[in-house]
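Comments concern the structure below.
Hydrogens, waters and symmetry mates are skipped; everything else that's a heavy atom, side chains included, is used.
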Amino acid sequence: MTVEDRPPAPAAGPCRFGVFAECPHCGGAIAPEHAHYRCGSCGWRDSCCD
């Protein structure tokens, strides 16, 4: 496969596996953090292991 044959890289943005589009507690923006997502406003973290 050459560089020209590769599909385009996905646009930056929320992971398609994220559960929430925004923080369910404060409505803030959620950003990936390691294997989880954290709200930049209140610090809430969605966790699959809790």
Side-chain angles (χ1 to χ4, degrees):
M1 177 181 282
T2 66
V3 174
E4 293 81 21
D5 294 331
R6 292 183 191 160
C15 173
R16 65 186 174 120
F17 299 113
V19 175
F20 298 98
E22 62 184 23
C23 177
H25 295 280
C26 73
I30 298 214
E33 180 181 84
H34 306 290
H36 308 284
Y37 290 84
R38 182 175 297 276
C39 175
S41 296
C42 72
W44 175 84
R45 180 179 69 128
D46 92 348
S47 175
C48 60
C49 4
D50 289 343

TODO: Classify the ring geometry between Trp44 and Phe20 as parallel (under 30°), tilted (30 to 60°) or perpendicular (over 60°).
DONE: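 Judged by the thresholds at 30° and 60°, the geometry between Trp44 and Phe20 is perpendicular.
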Open item on the list: By the salt bridge (charged side-chain N to carboxylate O under 4.0 Å, His left out) test, which pairs, at least two apart or in different chains, include something from residues 35-44?
Closed with: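 For residues 35-44: Glu33-Arg38.
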- [ ] List the atom of His25, the atom of Cys42, and the distance in Å for their closest heavy-atom pair.
- [x]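 Closest approach of His25 to Cys42, heavy atoms only: CB-SG, 4.4 Å.
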Task: Distance-minimising heavy-atom pair for Gly28 and Ser41 - done: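 Taking every non-hydrogen atom into account, CA-OG, 3.8 Å.
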